[in-house]
Undergrad: 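Okay, here's the structure, questions in a sec.
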Amino acid sequence: MARRGGCCMYFNIITAVIGVLVGLSSFGVFFFYFQNHHAGIWAFVSGIYAAMTLFIHVLYKRHTLEIWYTPGNLHQIRILGVLGLLAGLTGIITYITFAILNKEDFPTLENIGSSHYIMAVWAMMTLKWGSSLFAFAHVYRKRLLEEYHPLISPVS
């Protein structure tokens with residue numbers, strides 16, 4: 001059985017908590033204060049992916065992951081992580097291309113509301129949390145396959 005405590009697990013949980021807090025608070029700042037709706041939405045999506053990653057970390061640490069999810073469910077969560085990864089990658093490429101084509105300066109407080117670079121940063125954070133969700137769902141799925149024994153086995 002894999003170790004469910006220790007420094008690495010606490011590091012993963014703490015970084016996911018920070019990701020949730022920063023993502024969701026940045027949503028409010030960029031969406032409402034700076035009126036940069038694209039960056040705000042990307043920050044919100046990033047925070048949601050961080051929350052999903054945090055959720056599976058906490059479930060695994062508390063030995064309740066196998067109650068909530070089967071290995072098949074974790075495979076579906078892995079696919080959701082890949083979608084976040086691909087969406088973030090597409091966003092990064094798109095926003096950096098727009099910034100280069102528009103000859104945009106790097107962000108300052110005066111142009112942060114329309115900066116494509118800020119949008120690209122939050123798309124990158126979505127890529128990061130999407131890939132993190134993919135990776136940890138994969139790892140926990142493998143561990144569950146080693147430990148998981150259903151009460152009723154399918155008839156073959």
Side-chain angles (χ1 to χ4, degrees), residues 1-32 34 36-102 104 106-107 112-148:
M1 179 187 278
R3 223 173 133 206
R4 294 181 186 222
C7 295
C8 290
M9 178 56 74
Y10 288 114
F11 176 77
N12 291 336
I13 290 173
I14 289 169
T15 55
V17 167
I18 291 170
V20 172
L21 294 176
V22 170
L24 296 181
S25 62
S26 295
F27 162 72
V29 170
F30 285 112
F31 196 87
F32 297 112
F34 289 116
N36 190 337
H37 296 126
H38 288 256
I41 295 297
W42 281 109
F44 182 77
V45 172
S46 171
I48 296 301
Y49 272 99
M52 290 188 287
T53 305
L54 173 64
F55 187 64
I56 64 171
H57 282 319
V58 170
L59 287 179
Y60 183 75
K61 173 147 181 33
R62 297 182 70 207
H63 297 272
T64 55
L65 185 65
E66 58 275 0
I67 296 170
W68 282 73
Y69 297 116
T70 65
N73 295 133
L74 288 174
H75 177 73
Q76 294 168 346
I77 292 172
R78 212 170 50 168
I79 293 170
L80 190 61
V82 169
L83 291 176
L85 187 151
L86 293 175
L89 183 63
T90 304
I92 292 169
I93 293 168
T94 302
Y95 290 127
I96 289 179
T97 302
F98 283 161
I100 291 170
L101 291 177
N102 293 336
E104 197 172 293
F106 284 108
I112 201 167
S114 62
S115 174
H116 287 96
Y117 290 113
I118 296 294
M119 298 173 204
V121 166
W122 281 105
M124 182 191 68
M125 292 306 293
T126 301
L127 178 142
K128 177 216 181 285
W129 285 112
S131 61
S132 179
L133 182 64
F134 168 78
F136 285 111
H138 178 75
V139 167
Y140 294 153
R141 179 179 181 272
K142 283 178 55 178
R143 290 182 185 169
L144 274 187
L145 285 173
E146 294 169 358
E147 303 171 2
Y148 181 72

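Computed from a predicted structure; not experimentally measured.
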Undergrad: Who are the side chain to side chain contact (heavy atoms under 4.5 Å, CB included) partners of Val45, not counting sequence neighbours?
TA: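 Counting only residues at least two positions away or on another chain, Val45 forms a side chain to side chain contact (heavy atoms under 4.5 Å, CB included) with Ile41, Tyr49, Thr126.
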
Undergrad: Atom CD1 of Ile48 and atom CG of Leu80: how far apart are they, to the nearest 0.5 Å?
TA: 11.0 Å

Undergrad: Looking at Ser131 and Leu127, would you say the former's side chain and the latter's main chain have a donor-acceptor pair under 3.5 Å?
TA: yes

Undergrad: Do Met9 and Tyr60 have side-chain heavy atoms sitting under 4.5 Å apart?
TA: yes

Undergrad: Is there side-chain contact between His38 and Tyr95, with at least one heavy-atom pair below 4.5 Å?
TA: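 Of all side-chain heavy-atom pairs linking Tyr95 with His38, at least one is under 4.5 Å.
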
Undergrad: Show the nearest heavy-atom pair for residues His116 and Asn102, with the distance to one decimal.
TA: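 Taking His116 first and Asn102 second, the nearest heavy atoms are CE1-ND2, 3.8 Å.
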
Undergrad: Does any non-hydrogen side-chain atom of Trp129 lie less than 4.5 Å from one of Leu133?
TA: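 Of all side-chain heavy-atom pairs linking Trp129 with Leu133, none is under 4.5 Å.
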
Undergrad: Just say parallel, tilted or perpendicular for the rings of Phe136 and His57, cut-offs at 30° and 60°.
TA: perpendicular

Undergrad: Sequence neighbours left out, what passes side-chain hydrogen bond (donor to acceptor under 3.5 Å, both in side chains) with Lys61? Give chain and number order.
TA: Tyr10

Undergrad: Ignoring hydrogens and geometry beyond distance, is a side-chain donor-acceptor pair present between Arg78 and His75 at under 3.5 Å?
TA: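 Yes.
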
Undergrad: Hey, what do you get for OG1 (Thr97) to CD1 (Ile92), rounding to the nearest 0.5 Å?
TA: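 One finds 11.0 Å between OG1 of Thr97 and CD1 of Ile92.
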
Undergrad: If you compare all heavy atoms of Ala137 against all heavy atoms of Ile77, which two are closest, and at what distance to 0.1 Å?
TA: CB-CG2, 3.9 Å

Undergrad: Within the distance-only criterion (no hydrogens, no angle test), does the side chain of Ser46 pair as donor or acceptor with the backbone N or O of Trp42 below 3.5 angstrom?
TA: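 Answer holds: no.
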
Undergrad: Looking at OG1 of Thr70 and CG of Leu145, how far apart are the two atoms once the value is rounded to the nearest 0.5 Å?
TA: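 The CG atom of Leu145 is 9.5 Å from OG1 of Thr70, to the nearest 0.5 Å.
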
Undergrad: For the atom pair OG1 (Thr64) and OH (Tyr69), what is the distance rounded to the nearest 0.5 Å?
TA: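 Going from OG1 on Thr64 over to OH on Tyr69, the span is 10.0 Å.
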
Undergrad: Using the ring of each side chain (for Trp, its six-membered ring), is Phe134 parallel, tilted or perpendicular to His138, with breaks at 30° and 60°?
TA: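 Geometry flag for His138 against Phe134: parallel rings.
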
Undergrad: For the residue pair Ala120 and Ile96, what are the closest heavy atoms and their distance?
TA: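 Of all heavy-atom pairs spanning Ala120 and Ile96, the closest is CB-CG1, 3.8 Å.
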
Undergrad: What are the two closest heavy atoms between Trp122 and Ser26, and how far apart are they?
TA: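 Nearest heavy atoms, Trp122 then Ser26: CZ2-OG, 3.3 Å.
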
Undergrad: Considering non-hydrogen atoms only, spot the tightest contact between Pro71 and Leu144 and give its length.
TA: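 Closest approach of Pro71 to Leu144: CG-CB, 4.2 Å.
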
Undergrad: Among Phe31, Phe30, Phe27, whose ring pair (Phe, Tyr, Trp, His ring centres under 6.0 Å) with His37 holds?
TA: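 Considering Phe31, Phe30, Phe27, a ring pair (Phe, Tyr, Trp, His ring centres under 6.0 Å) with His37 is found only for Phe31.
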
Undergrad: Starting at CG of Asn12, measure out to CD1 of Ile56 and round the result to the nearest 0.5 Å.
TA: 10.0 Å

Undergrad: To the nearest 0.5 angstrom, please state how far the OG atom of Ser115 sits from the CZ atom of Phe106.
TA: 9.0 Å

Undergrad: Can you name the nearest heavy-atom pair linking Ser132 to Thr53, along with the distance?
TA: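 In this case the closest contact between Ser132 and Thr53 is OG-CG2, 3.6 Å.
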
